[in-house]
Amino acid sequence: MNEWETLHSQCEACRKCALGHSRGRLVFGVGNPNADVLFVGEAPGAKEDELGEPFVGRSGKLLDQYLEGIGLDRKSVYIANMLKCRPPQNRDPLPTEQEACLPWLRAQVKLIRPRVIVCVGRIAAQRLIDKHFSVTKQHGQFIERGDYLMMGTFHPAALLRNSKYKPAALEDFLGLRERLGEMQK
Ligand code: URA
């Protein structure tokens with residue numbers, strides 16, 4: 001087994017929190033294991049839990065559109081979530097669940113070694129960037145963290161609820177494209 005297969009099977013067997021018992025399928029992550037950009041969402045929803053892949057429901061379709069808008073797709077980036085298992089009724093992940101699951105994300109980051117980590121929504125941004133992170137106020141800002149640049153943007157579910165933020169989200173993705181372009185030079 002290679003490193004990814006080992007990590008995947010260890011994660012599959014994880015029961016560090018109760019969600020490992022209640023979930024349908026593990027939603028480990030998808031995409032290019034050498035991606036320059038890692039997108040981190042919140043947690044699997046019903047569709048993701050059924051199919052075992054992140055962002056495949058309505059939110060995912062919107063995320064795909066934003067990716068496409070800057071010439072990327074889910075095969076060229078890596079997409080994962082803070083939680084690998086679905087919380088019942090799509091409730092917010094508990095702090096204890098986030099702590100239990102974080103080592104899996106850290107291990108993914110270590111293998112991928114992305115240049116940029118994009119936190120998709122409040123839950124990821126507050127856990128990975130700053131516990132007081134405000135998506136409406138701080139979205140699109142690039143913050144240096146050791147080897148990575150971090151950026152927080154709107155969760156597509158929030159954009160589906162409130163489309164007034166869609167232009168701002170597009171700006172965030174355009175900013176990402178610009179940063180990536182600068183890095184290739
Ligand atoms: N919302 C998320 O944060 N992640 C998913 O995978 C699906 C919906």
Side-chain angles (χ1 to χ4, degrees), residues 4 7-8 11-12 14 17 19-20 22-33 35 37-69 72-109 112 114 116-131 133-136 138-140 150-163 165-166 168-170 172-173 176:
W4 276 104
L7 189 65
H8 190 282
C11 190
E12 182 94 57
C14 175
C17 78
L19 302 182
S22 60
R23 67 146 200 254
R25 290 181 61 176
L26 175 76
V27 180
F28 180 73
V30 71
N32 175 0
V37 196
L38 165 65
F39 288 84
V40 183
E42 182 177 320
K47 199 86 190 155
E48 291 77 20
D49 182 68
E50 186 192 325
L51 299 177
E53 184 169 330
F55 284 103
V56 286
R58 276 184 78 215
S59 291
K61 301 274 173 295
L62 188 55
L63 179 61
D64 285 340
Q65 284 175 25
Y66 279 95
L67 288 174
E68 201 184 317
L72 297 173
D73 61 21
R74 57 173 60 225
K75 290 197 192 76
S76 55
V77 302
Y78 198 91
I79 304 176
N81 282 311
M82 293 296 301
L83 296 196
K84 310 304 188 211
C85 299
R86 183 188 182 203
Q89 281 86 46
N90 299 344
R91 63 156 168 74
D92 280 358
L94 303 174
T96 49
E97 291 163 351
Q98 292 191 50
E99 288 318 302
C101 215
L102 201 55
W104 301 119
L105 181 67
R106 286 199 207 288
Q108 289 174 308
V109 170
I112 300 167
V116 185
I117 299 177
V118 178
C119 298
V120 182
R122 175 181 60 88
I123 296 285
Q126 290 190 343
R127 186 59 192 80
L128 301 179
I129 301 177
D130 174 0
K131 67 175 180 219
F133 192 93
S134 159
V135 175
T136 47
Q138 293 168 277
H139 68 92
M150 315 258 330
M151 188 261 269
T153 189
F154 299 88
H155 195 287
L159 298 173
L160 289 169
R161 279 195 302 270
N162 191 346
S163 59
Y165 293 117
K166 281 185 175 175
L170 181 60
D172 295 349
F173 276 77
L176 174 64

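Ligands are counted one by one from 1 in listed order, and the atoms in each one are counted from 1 as well.
Of the heavy atoms in Glu48, only side-chain atoms (C-beta onward) come closer than 4.0 Å to ligand 1.
Residue, atom and distance of the protein heavy atom nearest to atom 1 (N) of ligand 1 are His155 NE2, 3.2 Å. For atom 4 (N) of ligand 1, the nearest protein heavy atom (residue, atom name, distance) is Asn81 OD1, 2.8 Å.
Salt bridge status for Lys61 with Glu68: absent, with no side-chain N to carboxylate O gap under 4.0 Å. Salt-bridge formation is detected for the pair Glu99/Arg127: a Lys NZ or Arg NE/NH1/NH2 atom is positioned less than 4.0 Å from an Asp or Glu carboxylate oxygen.
For ligand 1, the atoms lying closer than 4.0 Å to a non-hydrogen atom of Pro54 are 6 (O). Atom numbering of ligand 1 starts at 1 in the shown order; those under 4.0 Å from a heavy atom of Gly41 are 3 (O).
Screening Val120, Ile123, Leu105 against Val40 for a side-chain contact (heavy atoms from CB on, under 4.5 Å) leaves a single residue, Leu105.
For the pair Ala43 and ligand 1, a heavy-atom separation below 4.0 Å is found.
Between Lys166 and Gln65, the side chains place no donor N or O within less than 3.5 Å of an acceptor N or O (distance only, hydrogens not considered).
Using the six-membered ring where Trp is involved, Phe28 and Trp4 have ring planes that are perpendicular, over 60° apart on the 30 and 60° scheme.
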